[in-house]
Amino acid sequence: MTPDLSVSIGPISLGRPTMLASGILGISLEVFGRIYRNGAGAVVSKSLSKEPWEGYPNPTIIGVKNGYLNAVGLSNPGAPYFAKMMESNRDVPIIVSLVGSIEDEFEFMVKQFENCNVTAYELNLSCPHVEKVGLEVGDDPKLVTKIVSRVKSSTRAPVIGKVGLGTTNYLDTVKAAIDGGADAITAINTIRAMGIDVETQRPFLSHKIGGLSGSAIKPVAVRCVYEITSKYNIPVIGCGGVSSWEDALEFIFAGASAVQVGSAVGDRWIEVFSEINEGITNYMNKKGFSKISEMVGLAKRF
Amino acid sequence: MTPDLSVSIGPISLGRPTMLASGILGISLEVFGRIYRNGAGAVVSKSLSKEPWEGYPNPTIIGVKNGYLNAVGLSNPGAPYFAKMMESNRDVPIIVSLVGSIEDEFEFMVKQFENCNVTAYELNLSCPHVEKVGLEVGDDPKLVTKIVSRVKSSTRAPVIGKVGLGTTNYLDTVKAAIDGGADAITAINTIRAMGIDVETQRPFLSHKIGGLSGSAIKPVAVRCVYEITSKYNIPVIGCGGVSSWEDALEFIFAGASAVQVGSAVGDRWIEVFSEINEGITNYMNKKGFSKISEMVGLAKRF
Amino acid sequence: MQNVSKTPSIRTIEQVIDETPTVRTFVISDNDLANVLPGQFAMVWIPGVNEIPMSIMVMPENGKAAFTVRKRGVSSSALYDLKVGQQIGVRGPYGNSFDIKDGKIALVGGGTGLVPLLRLAKFAKPNNEVVLLMGSKSKDEVFFEQQANQILKNHKHQIISCTEDGTYGEKGFVTDVLGKLLETSKFDAIYTCGPEIMMHKIVQMANSKGIFVQASLERMMKCGIGICGSCCMDDVMVCHDGTVFDGGFLANSKEFGHTHRAKSGILENY
Amino acid sequence: MQNVSKTPSIRTIEQVIDETPTVRTFVISDNDLANVLPGQFAMVWIPGVNEIPMSIMVMPENGKAAFTVRKRGVSSSALYDLKVGQQIGVRGPYGNSFDIKDGKIALVGGGTGLVPLLRLAKFAKPNNEVVLLMGSKSKDEVFFEQQANQILKNHKHQIISCTEDGTYGEKGFVTDVLGKLLETSKFDAIYTCGPEIMMHKIVQMANSKGIFVQASLERMMKCGIGICGSCCMDDVMVCHDGTVFDGGFLANSKEFGHTHRAKSGILENY
Ligand SMILES: Cc1cc2nc3c(=O)[nH]c(=O)nc-3n(C[C@H](O)[C@H](O)[C@H](O)COP(=O)(O)OP(=O)(O)OC[C@H]3O[C@@H](n4cnc5c(N)ncnc54)[C@H](O)[C@@H]3O)c2cc1C
Ligand SMILES: Cc1cc2nc3c(=O)[nH]c(=O)nc-3n(C[C@H](O)[C@H](O)[C@H](O)COP(=O)(O)OP(=O)(O)OC[C@H]3O[C@@H](n4cnc5c(N)ncnc54)[C@H](O)[C@@H]3O)c2cc1C
Ligand SMILES: Cc1cc2nc3c(=O)[nH]c(=O)nc-3n(C[C@H](O)[C@H](O)[C@H](O)COP(=O)(O)O)c2cc1C
Ligand SMILES: Cc1cc2nc3c(=O)[nH]c(=O)nc-3n(C[C@H](O)[C@H](O)[C@H](O)COP(=O)(O)O)c2cc1C
Ligand code: FES
Ligand code: FES
């Protein structure tokens, strides 16, 4: 019997345990379709704001030894534009990522998607390189609760809070999101970081400080998934440095119900999704697991 | 003219800008001498506690893709034992690292070193894998101020606070250390992290959660040095992923007055110190710098 | 295997060549970029200004690479204004490359679009007969003629300059001149790089005659390596799946020749 | 170049061999560990228990490696009690190796200290005449005699078992037997691994006669790769600078034969 790769993340049901992470290639329906057909269980859009944003000048993304640094500045076409585009979506499970600074903005954005089939909303509470939104929101647990509960009351779609390492205890942010009614948590976003070119003595990124992603942050992300799921009873989507089926399983054993893949797309291209699915299938066959859920949190036995 | 590699970190003067980081090989005077003669400007001892500690069972240190995970559990022979050994030290600049949970413990430990030549004390406010000391201390700014000021009033030696990413804003910990009278800051310690073996589904480390070090954390550490020196007027020692002269300079351009080298000793061995010194010397020759201090914080021009 | 760098490396500008009153070539030393395939590009960092995608110009000397820039907006002007001894950052090479067919081939370019075409000429097979069509507005905008002759000196070749005002070479658009050529000669393949409207016409012409055709496209690029999505067109990333696409794919594209994305990702008309 | 792994890889125990009532050999498949140099070791993870340093036993089959364990404290007993099919983690190989001289060489070992010596025998040069001295308490603690004969079958060799109680082979300590041998024969080099007091004596004997000597040492190990300092002895890390040291170095050591460090790092007397 071939193992069943479908997963439930609270109220969210997906056919496969891997998703495209927010901000990665996430701009057109055609691309979403291609990634879905290549094995992703869902795709998360770029984080959308109320108005379109141009983002920062280049360099916005550069490679470092073990990953990438980026300060894209949340460039995005705006929620209204994106929602319009999404109306013609037929079959791709799309998780809409939203970013903003007060609950009214989020409500406004959610309303744009009334005619769309939204698999879930992911609220970006953790972008490390844009002021007033992102981490500054995540670092304010009261605001997080307000935003999540406003979004919850504006839509029937499930709501995911995406957290990262900010200046408060991220576990308090998780708690605040749970208090607001969040259905799941994505952990983690990029970690605030910087690189300086030695020859010119100049920060690489135009924004100077950006976010570190890729395999460098994997052990930190695995720890966060383990901590959240040990402390709270909420499904978690693992994100940060997943680039192989072993990485995906490491997150699942730590307690993740599913994983997101970001930077690895830049190293392994879109095939990374089917490669991960295949590796997980082989592992399940070898070990005699029939469903992903049987593996979630297995590291906690020890 | 050969460039001058000596540095001043507030009241601390060292002949060279590289130090051995705490917890790395730091156990015997003979080893300290060897590392000093191989080019380190100073060596930092393992973090010492009031009583000897055995630490955690193995595995306590394992390699990951871009660095190491460790949860040694601060095994150390205790401050009294170490102080006795240190009395015979003649020429090696030794920075004594201390760890504890209340100010009385620190005072007790400092008193042990009355007959020793202590270059400085480094207070470990940031060990991510031992409860009640380390990060739990660093996360309590009031306690940090108390500890630092007690140590300051117990000795004439300079006092360094070592910070890391905990559950509060590490910049508040820095502020608290400054308020207590700290002469310098070391940033950063390892970052709380974990690795799980996929075959057995078991956390690698016996303590499960440990600290991530090595090149993986370098961009995060560089960011912290940049942020601290941008916000506060205190000398900073950069630590985290330094393994080449380029890495050392990256920290210096970010604002570090000197750097510490830890994990790279495991990859490049003790020669890493002379390699870094040589690379910095060549760079200074090429670019026409005569002193390290001319390069500190140059990335801030941009 | 190619060395592909994802972190900018600093290079010093060793030579600046004025090609036309608005086009300059900047020469650097870079062993990896010197030998890229035709169609590949680099991300060029002008410190303090921007980082923009640039095709890599072929140089006669070993180990040398160059960028040929037309002064347009802020970033290209900043690059254009750099002097010998100043520094830029480069990372790459990125993207796919032209698929060089046997026989008689046409290279049709306008302006800096000639850069990848000259590298294609350099990679031409011994059996290729090469016709290079170079379009520009007027005489003083013509450049690379001499380099093209030099590169193609061992091939049967023809270089046709077309100026819109007729001050040099043939008068008219390259597309018109190509149209006439196609009536009289048989081509095995056509390769094009330049303004998208031009490329769109050329692809249509080739497709309608059943001639193999490839075009190298430009889109807004941030990462250059298939992460950020800013260069997306239909379901492809121009930086990673391209920049070179076949006529068949382009004929089905909803966006090619019509729309491209602004920095925010919003589709804009050409 | 050797593949050196710093992360544990899981291996399944394929075979368990009882060597004596307190010593067992555990066979695994591992291409990298199968071919390590004599003196090198691995860190062996007994999941849920501990991770301890272990010399790597040579196996006749290609691609097989083994650990030969004496049941002592908690961790060695946990390893000793494992069954075929159970899993351990391994990382390595770490450390330096013996420097094999030409001519007549003596290998002097006690207990599991024989493990690196048998690998040394396997690496013996064609011109080596090998005398292997194997020490144990009594007859039922003797093991590896057959393996040693097999490994040395193409060399001029002699295997001498010594038991403290005289129930097998020569009666007495290996050191005494070696002493007698040194009076009658000339050796070009002596290699030893076993209890430190034994090695200390052997090094003294060799040094006093001017014979090249090397010993493979044990110390408390955590990282195994020269990071944590727990294995330090004088100014060296036994895991990284050793485990094999020359007689000259050891003669000057303040710690060799006298003290070793506990888990906390405190020096303890042997
Ligand atoms: C693969 C590729 C190869 C190229 N090769 C060359 C070349 O060899 N020579 C040359 O002169 N130009 C080349 N270009 C175009 C170049 O990258 C710039 O787009 C152009 O120089 C305009 O820059 P600007 O300073 O005038 O732009 P701005 O004034 O900043 O903006 C004007 C317009 O330029 C375009 N642009 C700006 N930044 C980017 C960017 N990061 N990526 C793509 N488009 C951008 C946008 O359409 C923008 O609206 C290439 C582009 C691509 C995608
Ligand atoms: C390089 C090297 C190679 C070795 N090869 C072998 C071998 O082939 N066969 C074999 O049986 N034994 C070998 N040992 C010894 C082995 O690692 C253990 O020390 C021994 O098995 C005792 O384990 P235990 O469970 O009895 O220890 P415990 O009961 O836990 O402690 C008893 C004592 O064992 C020693 N010990 C415990 N843990 C370690 C550790 N991590 N590193 C070093 N010493 C430790 C300490 O002295 C400790 O006080 C080797 C040791 C080293 C350093
Ligand atoms: C170029 C880039 C853009 C990103 N944009 C967003 C974004 O818009 N919203 C968001 O929540 N996360 C964003 N992220 C973070 C990723 O979704 C992900 O959390 C992070 O990269 C860690 O995963 P990875 O290591 O697999 O890349 C971005 C990451 C990168 C590299
Ligand atoms: C095995 C190990 C033990 C450590 N022990 C200590 C310690 O006792 N006290 C301390 O302040 N930091 C300790 N650290 C942290 C290092 O001093 C350093 O801050 C960290 O490893 C980052 O630097 P690196 O990337 O150069 O290793 C330890 C690190 C490692 C890897
Ligand atoms: S430029 Fe980022 S995906 Fe193409
Ligand atoms: S065991 Fe860690 S340094 Fe040797």
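Residue numbers start from 1 in every chain, and the chains themselves are labelled A, B, ... in the order their sequence lines are given, proteins ahead of strands.
Looking at Asp247(B) and Ser244(B), their side chains do bring a donor and an acceptor atom within 3.5 Å of each other.
Contact annotation for Val236(D): both backbone and side-chain heavy atoms come within less than 4.5 Å of a heavy atom of chain B. In this structure, chain D has no heavy atom under 4.5 Å from any part of Ser206(B). Contacts of Met233(D) with chain B are absent, with no heavy-atom separation under 4.5 Å from either backbone or side chain. Looking at Asp267(B), the atoms closer than 4.5 Å to chain D (heavy atoms on both sides) sit in the backbone and in the side chain alike. At a 4.5 Å heavy-atom cutoff, Lys65(B) makes no contact with chain D through either its backbone or its side chain. For a residue to count as touching a neighbouring chain, one of its non-hydrogen atoms must lie under 4.5 Å from one of that chain's; by this rule Phe204(B) touches chain D with backbone and side chain alike. Heavy atoms of Leu267(D) lying under 4.5 Å from chain B belong to its backbone as well as its side chain. Proximity to chain B involves both the backbone and the side chain of Cys228(D), based on heavy atoms less than 4.5 angstrom apart. Only the side chain of Tyr68(B) comes within contact range of chain D, with at least one heavy atom under 4.5 Å from a heavy atom of that chain. With a threshold of 4.5 angstrom between heavy atoms, Val64(B) approaches chain D through N, CA, C or O but not through any side-chain atom.
No other option in Val49(D), Ile46(D), Ile10(D), Ile227(D) has as many heavy-atom pairs under 4.5 Å with chain B as Ile227(D). Across Thr60(B), Asn76(B), Ile270(B), the residue that shares the most heavy-atom pairs under 4.5 angstrom with chain D is Asn76(B). Chain D forms more heavy-atom pairs under 4.5 Å with one residue of Gly78(B), Ser28(B), Pro59(B) than with any other, namely Pro59(B). In terms of heavy-atom pairs under 4.5 Å with chain B, the best-connected choice from Arg91(D), His240(D), Arg261(D) is His240(D).
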Checklist entry - Would Leu120(D) and Gln214(D) count as a side chain to side chain contact (heavy atoms under 4.5 Å, CB included) if you check the C-alpha gap in whole Å, the side-chain angles of each, and the deciding distance to 0.1 Å? => result CA-CA 12 Å; Leu120(D) 195 159; Gln214(D) 286 187 320; over 6 Å; no
Checklist entry - side chain to side chain contact (heavy atoms under 4.5 Å, CB included) between Asn89(B) and Phe32(B): does it pass, once the steps are laid out? => result CA-CA 10 Å; Asn89(B) 176 42; Phe32(B) 287 169; over 6 Å; no
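Atom NZ of Lys84(B) has 12 or fewer heavy atoms from other residues, nucleotides or ligands within 6.0 Å. Counting heavy atoms of neighbouring residues, nucleotides and ligands inside a 6.0 Å radius, atom CG of Asp18(D) exceeds 12 of them.
A salt bridge does not link Lys218(B) to Glu246(B): none of the charged side-chain nitrogens sits closer than 4.0 Å to a carboxylate oxygen. Ion pairing of Arg219(D) with Glu196(D) is present here, as a side-chain N (NZ or NE/NH1/NH2) and a carboxylate O approach within less than 4.0 Å.
If you take OG on Ser263(B) and CG on Leu69(B), they are separated by 10.0 Å, rounding to the nearest 0.5 Å.
Remark: Arg16(B) is positioned above the aromatic ring of Tyr36(B), its terminal NZ or CZ atom under 6.0 angstrom from the ring centre and at most 45 degrees off the axis.
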